[in-house]
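Here, residue 1 is the first one in the sequence, and each next residue gets the next number. Please read all numbers here as calculations on a predicted model, not as lab measurements.
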Amino acid sequence: MLPAAGRLTRSQDFGLVVRRGRRAGRPRLVVHAMIPVQPTLDAESKVGFVVSKAVGNSVVRHRVSRRLRHVLRDRLASLPSGSSLVVRALPPAATASSAELAEDVDAALRRLVR
């Protein structure tokens with residue numbers, strides 16, 4: 001589970017990251033990221049998830065959300081301090097395994113953090 005301090009919760013925060021952040025698309029998801037130019041040591045990195053009804057019914061959406069939370073939990077500490085991510089699941093994420101989702105997240109983060 002992600003710690004409460006590591007979650008994006010406000011709609012304004014989601015909108016800011018999506019509008020002003022960089023984007024990396026993969027076959028099963030899109031990652032939007034705002035990475036600060038000057039990372040501060042005390043700022044927490046935060047992540048939020050968007051899993052729409054296009055992905056599937058509520059059972060499928062919650063399964064995809066849980067898998068993405070588990071994948072990002074381990075990678076949150078490796079991001080620059082103060083980073084904000086929004087991970088948007090696409091319909092192919094419904095049939096993807098956790099390993100496939102992790103592979104897509106890793107590829108998107110490599111592209112965004114370089």
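- Contact between Arg28 and Ala93 at its shortest, heavy atoms only, is O-CB, 3.5 Å.
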**Request:** Any chance you could lay out the side chain to side chain contact (heavy atoms under 4.5 Å, CB included) test for Val31 and Arg23, step after step, and finish with the verdict?
**Result:** CA-CA 6 Å; Val31 178; Arg23 180 180 68 220; over 6 Å; no
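- Distance check: His70 NE2 to Ser65 OG gives 14.5 Å after rounding to the nearest 0.5 Å.
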**Request:** Please report the C-alpha distance between Val47 and Leu8 in whole Å, then the side-chain angles of each, then the deciding distance to 0.1 Å, and finally whether the side chain to side chain contact (heavy atoms under 4.5 Å, CB included) criterion is met.
**Result:** CA-CA 5 Å; Val47 64; Leu8 283 177; over 6 Å; no
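- Atom OG in Ser78 sits 8.5 Å away from atom CG in Asp106 (nearest 0.5 Å).
- Side-chain atoms of Ser81 do not come within 3.5 Å of backbone N or O of Glu44 as any donor-acceptor pair.
- Atoms CD and CG, from Glu100 and Leu29 in turn, are 11.0 Å apart once rounded to the nearest 0.5 Å.
- Annotation: side chain of His32 is not in contact with side chain of Leu85 (no heavy-atom distance under 4.5 Å).
- Taking 4.5 Å as the limit, every side-chain heavy atom of Ile35 sits out of range of all side-chain heavy atoms of Leu79.
- Of the inter-residue distances, the one linking Leu112 atom CG with Arg22 atom CZ reads 5.5 Å to the nearest 0.5 angstrom.
- Remark: Arg73 CZ to Leu68 CG distance equals 13.0 Å, nearest 0.5 Å.
- Checking side-chain atoms of Arg61 against main-chain N and O of Gly56 turns up a donor-acceptor pair under 3.5 Å.
- With hydrogens and angles disregarded, no donor-acceptor distance shorter than 3.5 Å links the side chain of Arg88 to the backbone of Ser52.
- Remark: Arg7 CZ is packed, more than 12 non-hydrogen atoms of other residues, nucleotides or ligands lying under 6.0 Å away.
- Looking only at side-chain heavy atoms (C-beta outward), Asp74 and Val71 stay at 4.5 Å or farther from each other.
- Nearest approach of Arg67 to Ala96, heavy atoms of both residues: NH1-O, 2.7 Å.
- Counting only heavy atoms from C-beta outward, the side chains of Val60 and Val55 approach each other to under 4.5 Å.
- Residues Ala94 and Val64 share a closest heavy-atom pair of CA-CG2, 3.9 Å.
- Between Phe49 and Leu72, the closest side-chain pair of non-hydrogen atoms falls below 4.5 Å.
- Between Asp13 and Ser84, the closest side-chain pair of non-hydrogen atoms is not below 4.5 Å.
- Arg111 and Gly25 get closest at one heavy-atom pair: NH1-N, 3.9 Å.
- Applying the side chain to side chain contact (heavy atoms under 4.5 Å, CB included) test between Val50 and each of Val30, Val86, Val87 identifies Val86 as the sole match.
- Between Met34 atom CE and Ser45 atom OG the span is 12.0 Å, to the nearest 0.5 Å.
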